[in-house]
Protein chains: 2
Amino acid sequence: MATIGDVARIAGVSRSTASYALSGKRAISADVRRRVEDAVSSLGYTPNAGARALATTRTMVIGLLAQFLPDEFAPAMLQYMLGVSDTAREHGYDILLATDADGTRALRRMTDSRMVDGVVLLNVAEHDERLPILRSASQPGALVGLPADCTGVDVFDLDFEEAGRLMVDHLHRLGHREVLLVSQPEHVVERGGAYVWRLQNAALEAARARGMRLYATYGSSSQPDVGRDLRGLLDAHPDATGLLVNNEAAAAALPTVLHERGLSAPQDLSVVGRYSDEFARTFSLPFTSVESAPDRLGRMAVRQLVRRIEGEVGPDEPHVVRFVSPELVDRGSTGAPPRRGDA
Amino acid sequence: MATIGDVARIAGVSRSTASYALSGKRAISADVRRRVEDAVSSLGYTPNAGARALATTRTMVIGLLAQFLPDEFAPAMLQYMLGVSDTAREHGYDILLATDADGTRALRRMTDSRMVDGVVLLNVAEHDERLPILRSASQPGALVGLPADCTGVDVFDLDFEEAGRLMVDHLHRLGHREVLLVSQPEHVVERGGAYVWRLQNAALEAARARGMRLYATYGSSSQPDVGRDLRGLLDAHPDATGLLVNNEAAAAALPTVLHERGLSAPQDLSVVGRYSDEFARTFSLPFTSVESAPDRLGRMAVRQLVRRIEGEVGPDEPHVVRFVSPELVDRGSTGAPPRRGDA
DNA sequence: CTGAAAGCGCTTACAG
DNA sequence: CTGAAAGCGCTTACAG
C-alpha cells in the first residue's frame, strides 16, 4: 500500500510538502500541488487512518452505543441508529457500532482506547450506568434519552410529557371520557426507562384535569404476550372508547386483536399511538400517532456532538438539554366515541 | 492519558518489557509481571488502538456494509446487523458501520484507509458494484447474499430455491392447487436482488411439476402501496386458496388486509411467509413461515471472515459458498383448502 | 514556498 | 529473563 513517502518520492518533494499539499494547510505552488495530486492518483494513495489518528489525536469516528435490551422493541432502535449514522457521515465521521448487552464495557473500550472522538448513547435510562463512565472519559458525549442527571453531556429527547397530554387532549376534544393507555413493559420502567412514566404521568394528570377516566397499564414487548395483554385490557374495560398506545409492539399487534373482536377504529374504538411515521408506513400501522422523531433526535445529537468535538463550543460551555415537541399525525383512527347502546 | 511509557516508568522496566508483560508474547518474571500489572491498574492504562494498529497492521475492527435501499424493507436488515455485530464482539472485533446509500464509496474508504481488517457485505446484489472494489482490497470479505460471481470472497445465503420449493410443497401436500406468490418489489429484482427470482423460479418450477397453478407477482415495500397490491391480488384470484409471501412488508400488512375482507387463515386462506422467527414475534405475524435465519447467516459470515483475517485459512485456500437450508416454522396459518362453494 | 526532524504510542526483531 | 532501538505512517512546529 502506498504511503505519503511514496507520494513524496514520485512527486519529487518532501513528505511534509506532500502532506501539506493534501491538507491545504499551507500555501503550495501550483506546480507542486499538481505533481502531488498526480502522484496520489497514480498510486491510488489513501492516508492510513490509524497513523493519521495517532498524529492528530482525531479519529474521525463516532461511537454509537445502541442497547438492545431484552424487554424492548428492537426495530424502533434502528431509526435512531440510521439518523445518527447518516448525520455522522455528512460531517465526515464514521460510526463504530456497539450492540453489547453490557454497554458500560463497550463504552469504556471505545473511549479508553481512543477509537472514537465522541460518543452517542441511545436509549438512555434514568440512572444509566454508562453515564459515570462517559463523564470520566475525555471525549464528549451526546445522549438520546433523558437521564436524571444531565451534567457533562448534551441531551436530546422527545417531550414525552407533552406527548402524553397531546394524546389525552386529542381524545378529550373528540368527546371521549373513558380511555386506556398501554405503555411499555413494566420491566422497562423498573430498569429506568423514564420516558414510560413521563408520558404516563402527564397523561394521567391531563385526564384528571379534564375529568376523564384513564386506565394506565403496561404491555409486553412481543408476541404472543402483548396480544394477550391487549385482549385482557379490552375485556376489563368494555366501556372504554379510546386507546392510547405507547408501546410499539402493542401497536403492531393491535390490528390483529381488533380483527379478532370484530372491532374497527375509529367506529368502535379511537386509537392513538406513539411512533414515527417511518415506523407506521413500514409496519402498515393505520393509527393516528404522535411522531417520535427518531431520525431527528439522532441528527440533533450528532450535530451537537460534532460541534463539541471540533471545538466550536468550548468545553466549559453549558451543555444542552433539548426536547423535541411531539406532533400528532392523523391517520384517521380517531373520531367521536360510539353512542352507548349502539353495540 | 497514560501511555505504555508511563506504565514502564512506574513499574521500573523498559517499554518493551511492559509491552511483553501485557501481551504475554515472551517469558516474564513473576515479579516484573506483578509490577507492570499494578502500574496498569493504578494508571488505568488502556493501549491506544490507533498506535497499536499502526504497529501491528491489525485494527481489530470489521467493516459492516449495510445498504438501506429505497425499495427494501429496512427492519429486516437489523437482524443481520445484530448477528454480525454480536459475533464480531465474541471474537474480539469491533464494528465499523456504514449505512451510506453509496456502498462503494464507504467500502473504498474503509479498506483503503485501513480502518478495518475485513469486511462483511450485507444485502449483496447479483452484480454488486461493491464486489470489484472488495476484490481489489487487501482485506478479506464475506458476503451475506449470493452474487453471480463468487470469486475471491466467502459467501453465505439462505437457500432460496429450496425455500420456494418448500413453500409450494407444503401447500400442495395440504391439498392446495391454486396459489399466489407475492415477492419483493420488482425494483429489487431489477437492481439485482437475485434472491427474489431464485425463490420465485423454484416455486414456479415446483408448482409446475405438481400440476398446481401458481400466480407470481410483486408487492411494494411499504404502506399503503403494499396493502393495495395485496387487495388487487386477492381480487384478481378469488379461487386461490393459498398465499406465499416473500416480502416482509406484505407480511406485515396482511393481517389488516385479511381483516378488511373478513378472511381468516387458515379457514379461508392458507398463508406461508418467509421471514425469521424473531421477526414474526416482534411484529406479531401469525403466519407459518420459512425461517430466513439472518442471525445465523451473519454469524457464519463473521466466523469465516475472522478465520481469514487471522490466517487460519490460507489466502489461496478456496473460498466457500454456503447455503443455509430453510426450515418451515408452523404457526398454524395453513390447512386444507376451503371446500368450493363454502363462501 | 519548501525541507529536515521530531513526535504521536505502540510492537517486535535484535542483542545481551 | 530484560533493554535499547527501529519502525509503523502520518502531521506539524521549526527553520530557512
Side-chain angles (χ1 to χ4, degrees), chain A residues 1-37 39-40 43-61 109-117 138-139 310, chain B residues 1-37 39-40 43-61 109-117 138-139 310:
Chain A
M1 209 68 197
T3 72
I4 188 106
D6 299 324
V7 171
R9 190 159 28 74
I10 304 267
V13 297
S14 72
R15 299 193 312 157
S16 56
T17 298
S19 176
Y20 282 118
L22 294 176
S23 70
K25 288 194 182 168
R26 77 178 181 193
I28 296 283
S29 69
D31 174 46
V32 165
R33 183 190 308 281
R34 151 89 35 89
R35 271 150 51 206
V36 169
E37 281 164 3
V40 164
L43 289 167
Y45 168 74
T46 306
N48 179 304
R52 175 174 278 179
L54 188 56
T56 60
T57 69
R58 289 277 303 277
T59 63
M60 300 307 288
V61 173
R109 188 173 68 242
M110 283 184 183
T111 53
D112 285 359
S113 66
R114 318 197 88 71
M115 301 178 86
V116 298
D117 292 336
S138 44
Q139 296 97 330
E310 302 187 346
Chain B
M1 209 69 199
T3 72
I4 189 110
D6 299 324
V7 171
R9 191 161 26 75
I10 304 266
V13 297
S14 71
R15 299 194 312 158
S16 56
T17 298
S19 175
Y20 282 119
L22 294 176
S23 70
K25 288 193 181 169
R26 77 179 181 192
I28 296 283
S29 70
D31 175 47
V32 164
R33 183 188 308 281
R34 152 88 36 88
R35 271 151 49 207
V36 169
E37 280 165 1
V40 164
L43 290 167
Y45 168 75
T46 306
N48 179 303
R52 175 174 278 180
L54 188 56
T56 60
T57 69
R58 288 278 303 278
T59 63
M60 301 308 288
V61 173
R109 189 174 66 242
M110 284 184 183
T111 54
D112 285 358
S113 65
R114 316 200 89 71
M115 301 179 86
V116 298
D117 292 336
S138 45
Q139 296 97 330
E310 302 188 347

Practice task
To the nearest 0.5 Å, tell me how far Arg58(B) CZ sits from Glu310(B) CD.
Solution key: 5.5 Å
Practice task
Could you run through nucleotides 4-10 of chain C and give me one letter per nucleotide, 5' to 3': B if any protein heavy atom sits under 4.0 Å from the base, S if only the sugar-phosphate is that close, - if neither?
Solution key: B-BBBBB
Exercise for the section: For residues Met1(B) and Asn48(B), determine if any side-chain heavy atom of one lies less than 4.5 Å from a side-chain heavy atom of the other. Expected result: no
Handout entry: Distance (rounded to the nearest 0.5 Å) between Met115(B) CE and Thr46(A) OG1
Key = 12.0 Å
Practice task
Verify the contact: side-chain N or O of Lys25(A) to OP1 or OP2 of dT12(D), cut-off strictly under 4.0 Å; return yes or no.
Solution key: yes
Pairs of donor and acceptor atoms involving the side chains of residues 19-26 of chain B, under 3.5 Å and at least two apart or interchain, shall be tabulated with distances.
from: Ser23(B); atom 1: OG; to: Ser19(B); atom 2: O; distance (Å): 3.4
from: Ser23(B); atom 1: OG; to: Lys25(B); atom 2: N; distance (Å): 3.2

Practice task
Could you verify whether a donor N or O on one side chain and an acceptor N or O on the other, from Thr57(A) and Arg114(A), lie under 3.5 Å apart?
Solution key: no
Completion exercise
Rounded to the nearest 0.5 Å, the CD atom of Gln139(A) sits from the OG1 atom of Thr59(A) at a distance of 8.0 Å
Completion exercise
Rounded to whole Å, the CZ-C1' distance (Arg35(B) to dT2(D)) equals 11 Å
Practice task
Just need the stems in DNA chain D: three or more back-to-back Watson-Crick or G-U pairs, each with both distances under 3.5 angstrom, sorted by first number.
Solution key: C:1-3 with D:14-16, C:5-12 with D:5-12, C:14-16 with D:1-3
Handout entry: SB check Arg9(B) Asp6(B) (cutoff 4.0 Å)
Key = yes
Practice task
Give, for atom CE of Met110(B) and atom CG of Asp112(B), the distance between the pair rounded to the nearest 0.5 Å.
Solution key: 12.0 Å
